[in-house]
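A short write-up of the structure that comes next.
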Amino acid sequence: MRVLVINSGSSSIKYQLLDPVSGTVAASGMVSRIGEPVEPGAVTVEHDSDGHTLEHDGAIADHAAGLRVVFDLFAQSGHDLTGEGLYAVGHRVVHGGEVFYRPTLINDAVVRSIDELSALAPLHNPANVVGIESVRRLLPDVPQVAVFDTAFFHGLPDAAKTYAIDAKVAAAQGIRRYGFHGTSHEYVSGRVAEVLGRDASTVNQIVLHLGNGASASAIRGGRAVDTSMGLTPLEGLVMGTRSGDIDPGIIAHLMRTADFDIDAIDQLLNRNSGIKGLSGVNDFRELQRLIDTGDRAASLAYEVYIHRLRHYIGAYLVELGEVDAITFTAGVGENSPQVRADALAGLTRFGITVDPIRNAAKDRAARYISPPDAQIPVLVVPTNEELAIARAATALVT
Ligand code: ADP
């Protein structure tokens with residue numbers, strides 16, 4: 001049984017063909033620079049299958065053209081998607097608004113609703129819609145399922161999801177905290193319960209998803225009760241290029257005194273802030289290299305990142321009261337022992353300790369990094385959003 005998972009961005013498409021039961025990936029790849037002019041010979045599609053990489057060079061006019069190339073590469077590598085055997089297609093959709101709170105079988109009305117939610121996610125939902133429509137045309141007979149990044153946080157308690165702004169304005173504009181990375185927080189928290197050997201409904205936990213985008217969540221008995229991202233994926237932790245929390249007064253100040261218009265504000269906060277805004281680089285490995293050379297701006301970026309992360313960990317410890325696990329996931333969370341150690345340093349009196357040897361182990365499996373007798377287990381659990389999407393799609397179609 002195979003499921004194709006599609007993550008369609010404004011100028012890229014990431015995809016994976018995988019077995020939703022075992023998680024075995026048959027092929028995966030990425031289309032990049034969609035709709036952009038490219039220099040001759042530039043590779044725009046990379047396709048990995050059975051240990052081999054196939055490449056396509058040349059401009060990709062639009063998402064449909066990109067997907068046609070992908071389907072050709074699948075065929076060349078021995079996987080005919082249009083033939084038999086494809087069970088479902090799972091699409092990652094960023095914003096489900098108030099409408100979608102669980103994986104949803106796609107039909108025309110669903111596509112329209114996702115499109116209508118574009119006002120809440122102008123950078124993401126339109127691209128998701130284009131991806132969905134292209135795949136539906138290429139694979140009209142295969143069921144397609146939308147899996148929403150916001151769904152896991154749909155039921156946040158009122159106190160956690162409500163912004164303290166004029167309630168009438170908020171209601172009229174759909175302004176609330178929606179949360180993102182939900183597929184990852186749900187998958188990882190489920191894995192944590194498995195590793196602890198407990199039913200998820202009995203576990204209170206904090207999940208720290210630290211990738212290019214980053215978010216924290218507080219989960220009580222399998223249900224999210226708080227998360228650091230809000231109306232958009234801009235709120236909360238310091239990220240690769242996004243500011244996370246700022247005083248909203250900064251926006252009015254820049255518009256009044258520095259002639260920033262709304263596009264300039266968007267660009268500043270989404271693309272030129274966070275680690276990049278402070279240090280010039282957005283990749284954590286590069287940041288660490290700069291710190292090693294004694295770069296003061298890079299060190300400050302790191303300190304601000306850790307400061308904000310600890311702020312959320314503290315908040316969620318108090319919010320949950322009883323905590324059974326704290327878990328790190330995604331690129332930085334899975335790979336940076338330094339971040340994990342610094343995020344939880346000096347908390348032994350709260351029952352939280354990171355064991356240096358366990359923390360330094362280069363292991364790809366879900367594992368403990370706290371000592372065996374720790375009051376609050378600390379774990380590293382690799383996230384796998386594609387597998388979670390494939391399983392959600394399968395469950396809905398079965
Ligand atoms: P995305 O949010 O795009 O899915 P990822 O979860 O892949 O991102 O995380 C990307 C981040 O993880 C980058 O900042 C990258 O530098 C960081 N990262 C990856 N490997 C390592 C590593 N070995 N050490 C530190 N950071 C790493």
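What you see is a predicted model, and the numbers here were worked out from it, not measured in a lab. For ligands, and for the atoms within them, numbers begin at 1 and follow the listed sequence.
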Problem - Min heavy-atom dist Gly240 to ligand 1 below 4.0 Å - result: no
Problem - Aromatic Tyr312 / basic Arg308 pairing, under 6.0 angstrom, 45° off normal - result: no
Closest protein heavy atom to [atom], given as residue, atom name and distance to 0.1 Å:
| atom | answer |
| --- | --- |
| atom 18 (N) of ligand 1 | Gly331 O, 3.7 Å |
| atom 19 (C) of ligand 1 | Arg285 CZ, 3.6 Å |
| atom 14 (O) of ligand 1 | Phe284 N, 3.1 Å |

Test of proximity, [X] against ligand 1: N or O pairs below 3.5 Å:
| X | value |
| --- | --- |
| Asp283 | yes |
| Val332 | yes |
| Leu210 | no |

Handout entry: Numbered atoms of ligand 1 (with element) below 4.0 Å of Gly213, judged on heavy atoms
Key = 2 (O)
Problem - For Ala330, atoms of ligand 1 separated by under 4.0 Å from a heavy atom - result: 6 (O)
Practice task
Check whether the ring centres of Phe180 and His95 lie less than 6.0 Å apart, and answer yes or no.
Solution key: yes
Problem - Over 12 foreign heavy atoms within 6.0 Å of CZ, Phe350 - result: no
Judged by modelled atom types alone, do [X] and [Y] share a side-chain donor-acceptor pair under 3.5 Å?
| X | Y | result |
| --- | --- | --- |
| Ser201 | Asp199 | yes |
| Thr53 | Asp48 | yes |
| Ser28 | Glu386 | no |
| His181 | Ser215 | yes |

Fill in the blank from the handout: Heavy-atom proximity to atom 1 (P) of ligand 1 ranks first, among Asn335, Asn7, Asn212, for Asn212
Handout entry: Shortest reach to atom 25 (C) of ligand 1 by a heavy atom, considering only Gln288, Lys14, Glu286
Key = Gln288
Practice task
Quick one: sort the Phe153 and His185 rings into parallel, tilted or perpendicular, breaks at 30° and 60°.
Solution key: perpendicular
